[in-house]
Amino acid sequence: MRHTPRNVTQKLIASHLVSGDMTPGEAVGLKIDQTLTQDATGTMVMLELEAMGLERVKTEISAQYVDHNLIQEDNKNPDDHRFLQTAAQRLGVWFSRPGNGVSHPTHQQRFGKPGKTLLGSDSHTPAAGSLGMLAIGAGGIDVAMAMAGEPFYTRMPEVWGVRLDGRLPDWISAKDVILEMLRRHGVSGGVGRIIEYYGPGLEQLSAMDRHVIANMGAELGATTSVFPSDAAVKAFLCAEGRGDDWQELLPDDGCRYDCREEIDLSHLEPLIAKPSSPANVVPVREIAGEPLSQAYIGSSANPGYRDFAVAAAMLEGRTVDDDVSLEINPTSRSILETLTRDGHLFSLLDAGARLHQAGCNGCIGMGQAPANEVNSLRTVPRNFPGRSGTREDRVFLCSPETATASALNGVITDPRTLDMPYPRIEEPSDPIVNTRTLIPPLDEEKARKIHLIKGPNIESLPDFEPLETRLTLPVLVKAGDDVSTDEIMPAGGEVLPYRSNIPKIAEFAFRGVMEGYAAQARKTGDHIVIGGNNYGQGSSREHAAIAPRYLGLRIVLARSFARIHEQNLINFGVLPLTFVDASDYDTLEIGSEVAFENLRQALEASNEIGARAGDKTLRLEHRLTPRQIEILFSGGLIAWMREHRAA
Ligand code: MIC
């Protein structure tokens, strides 16, 4: 029998499909082979697993990284690190110690495997799509469920085939490719889609270059990004000493994509995203000459050896401008060691760069905050307002070439205008592989003897009441379009240490949208939030759902939702609904009351439901599956799990 030719995404999904069918928009369940958790979301995952009573993970590989909360200015973060280490040992999970590296490049180096699925409690998990994996970011509790052996439920996305042709000119690199996608399609251009790259242009992109592109597919709102597993992936895995893990995974000749796009790499120029959205992209030449006070190389969006080595080669024997602080943010211990061996670290330090530990650091405002109202050029993935830790920040996103050229000149600089040959760098064929700070899982007998060490800042998860079927609720917050989870629940050194303490972190909820939300919510009790388009874009942090829920959020009415945040709301018992008539958004204000009758019945009966707001009947829509409706009326996923276990 002739089989229908398939693209790489369809092959990955077909080989992991446990329920549903592969028609775009249909609910599907996927078997998950690997999970990734990081510390800022992982403490909650471990607490959720404790609440579920899991004894040992059921995945092929689960890895816990400590890369976000690295600054130890009191006991809170190191207490969380110890908790995570004991929880990992107890559950049979790999533990990547602080300083070992950012989860995404480290996972790619040590565990990435073509043909496998990966679910991670971090929105940049799709970076592993660089190796021909189906790697999806999700809220912590979805990852906890996968660790417990449950499928991951989502809607089958469309597959968006992006053909790359031509060769990248000098001074243009992978970051410019993804910035071009963001320039063309904006922060919601990838919603409901998986982006699959193919074509002759791939030949020039190493596995780490592909990581850059797949990582920031998250900024387009895509479910994930996928690359084939070809010779570049083989070279990467062989260099990492893992050649046996390679298998070829290519699109079949004649396969189809639901939609298509082409990029001729030879036509690209250096691009930069201006403050404060990853989609605010212009050619660097248009803003050349503007001053800057900080340049920043590294993060999971430019994690590779070449990203640092190219900066080092450009800086060799030169000095960073007197007014610019150049921050070097190494991404893994092994890459840092290789850069040291090859002399690049010396060139960077000698030129005046400041070296930080391997980790996420300033990318989420954990240190390296820029001064007020000055320009900071960064190779990080996001520049949402205030994310750097400075409220009045002015963060630009660009390639290492552009950041370094600008650091040298003291003004924003198109690197093509520098008077030097382009230092084209290849990934080394013999990188240092140091696995000594990556602790393997314990065997079951030893694991059973491990006791969780919980510091005083770690609070168990609060229980939540099920959704009621008859409700009249006031609107407490009205947010605009593209509000990110950084605005709903900020990151930064002040807030991140409370990731394992919901009552405390709740104080910061909606800080980027309105002042005084927590106090107001305490007075008001149960309430509604109104959102614009793409509500909750950005990170996977479930705290952006749990903390408002803790303060009484029951329903969010929005023009549209970002995928991960919508799921997080449901998982914690908050009902997400969209307006049938988008202009109804304008009729609701803070203080408006919205009334729902027979809510459960209405949700079960139809995708459209009605609600009263004063004299007006609102027409609202939902995309909930029957399982999700049950979750909402159980009080969230944990309560639902308990009920199911008991049954
Ligand atoms: C981010 O890049 O926004 C983060 C910080 O990595 C988050 C996770 C978090 O908030 O802990 C993400 O991308 O999911």
Side-chain angles (χ1 to χ4, degrees), residues 35-46 64-71 77 80 84 101-107 118-128 135-143 187 212 214-224 276-278 296 298-303 329 331 359-368 378-389 395 397 483-500 505 508-509 511-512 536-547 562-565 567-568:
T35 65
L36 163 169
T37 44
Q38 40 92 335
D39 51 327
T41 54
T43 45
M44 209 38 78
V45 172
M46 296 305 173
Q64 168 66 51
Y65 297 85
V66 179
D67 55 4
H68 280 65
N69 289 353
L70 293 180
I71 295 180
N77 289 342
D80 279 1
L84 288 170
V102 177
S103 64
H104 312 299
T106 310
H107 199 89
L118 166 69
L119 195 71
S121 60
D122 189 292
S123 64
H124 293 114
T125 304
I136 301 180
I141 197 159
D142 282 321
V143 179
V187 284
V212 174
N215 176 292
M216 281 184 67
E219 274 40 83
L220 286 148
T223 302
T224 187
S276 291
S277 165
Y296 183 118
S299 92
S300 69
N302 270 108
N329 218 130
T331 40
C360 304
N361 305 332
C363 175
I364 29 90
M366 189 43 91
Q368 294 98 54
R378 299 178 163 214
T379 67
V380 304
R382 297 193 165 136
N383 58 349
F384 299 135
R387 177 180 162 93
S388 64
V395 175
L397 310 176
V483 162
S484 71
T485 48
D486 277 293
E487 287 151 284
I488 302 172
M489 177 45 74
E494 187 190 356
V495 185
L496 283 171
Y498 295 112
R499 283 287 181 95
S500 45
I505 207 168
F508 301 92
R511 192 163 79 172
Q537 70 160 328
S539 107
S540 68
R541 62 190 71 148
E542 52 192 351
H543 305 75
I546 309 176
R563 175 186 63 87
I564 306 179
H565 187 60
Q567 182 66 50
N568 285 341

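Just so you know, ligand 1 is whichever comes first in the structure, and atom 1 is the first atom listed for that ligand. Keep in mind the model is a prediction, meaning the values are calculated, not measured.
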Would you say the side-chain atoms of Thr43 and Ser500 include a donor-acceptor pair closer than 3.5 Å?
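Judged by distance alone, the side chains do not pair up.
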Student check: side-chain heavy atoms of Met46 and Gln64 closer than 4.5 Å:
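Yes - at least one pair of side-chain heavy atoms lies under 4.5 Å apart.
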Would you mind reporting whether Cys360 and Asn329 have side-chain heavy atoms less than 4.5 Å apart?
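No, side chains not in contact.
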Give me the residue, atom name and distance of the protein heavy atom closest to [atom].
atom: atom 6 (O) of ligand 1; value: Asp122 OD2, 2.7 Å
atom: atom 13 (O) of ligand 1; value: Ser123 OG, 2.5 Å
atom: atom 5 (C) of ligand 1; value: Ile364 CG2, 2.9 Å
atom: atom 7 (C) of ligand 1; value: Ser539 CB, 3.3 Å
atom: atom 4 (C) of ligand 1; value: His68 NE2, 3.7 Å
atom: atom 10 (O) of ligand 1; value: Arg541 NE, 2.7 Å
atom: atom 8 (C) of ligand 1; value: Gln38 NE2, 3.2 Å

Step-by-step side-chain hydrogen bond (donor to acceptor under 3.5 Å, both in side chains) determination, Tyr65 to His107
CA-CA 9 Å; Tyr65 297 85; His107 199 89; 2.7 Å; yes
Would you mind running through ligand 1 and noting each atom that sits below 4.0 Å from a heavy atom of [X]?
X: Ala40; result: 11 (O)
X: Ser540; result: 12 (C), 14 (O)
X: Thr41; result: 9 (C), 11 (O)
X: Arg387; result: 1 (C), 2 (O), 3 (O)

Apply side-chain hydrogen bond (donor to acceptor under 3.5 Å, both in side chains) to Ser539 and Arg387, showing your working.
CA-CA 11 Å; Ser539 107; Arg387 177 180 162 93; 6.0 Å; no
Arg499 near ligand 1 by a heavy-atom separation under 4.0 Å
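For ligand 1, residue contact (heavy atoms, under 4.0 Å) with Arg499 is present.
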May I ask whether His543 has any heavy atom positioned less than 4.0 angstrom from an atom of ligand 1?
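For ligand 1, residue contact (heavy atoms, under 4.0 Å) with His543 is absent.
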Short side-chain to backbone donor-acceptor contact, [X] and [Y], under 3.5 Å:
X: Thr224; Y: Ala135; answer: yes
X: Asn361; Y: Gly367; answer: no
X: Glu542; Y: Ile141; answer: yes

Would you call the rings of His104 and His124 parallel, tilted or perpendicular, where under 30° means parallel and over 60° means perpendicular?
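Perpendicular.
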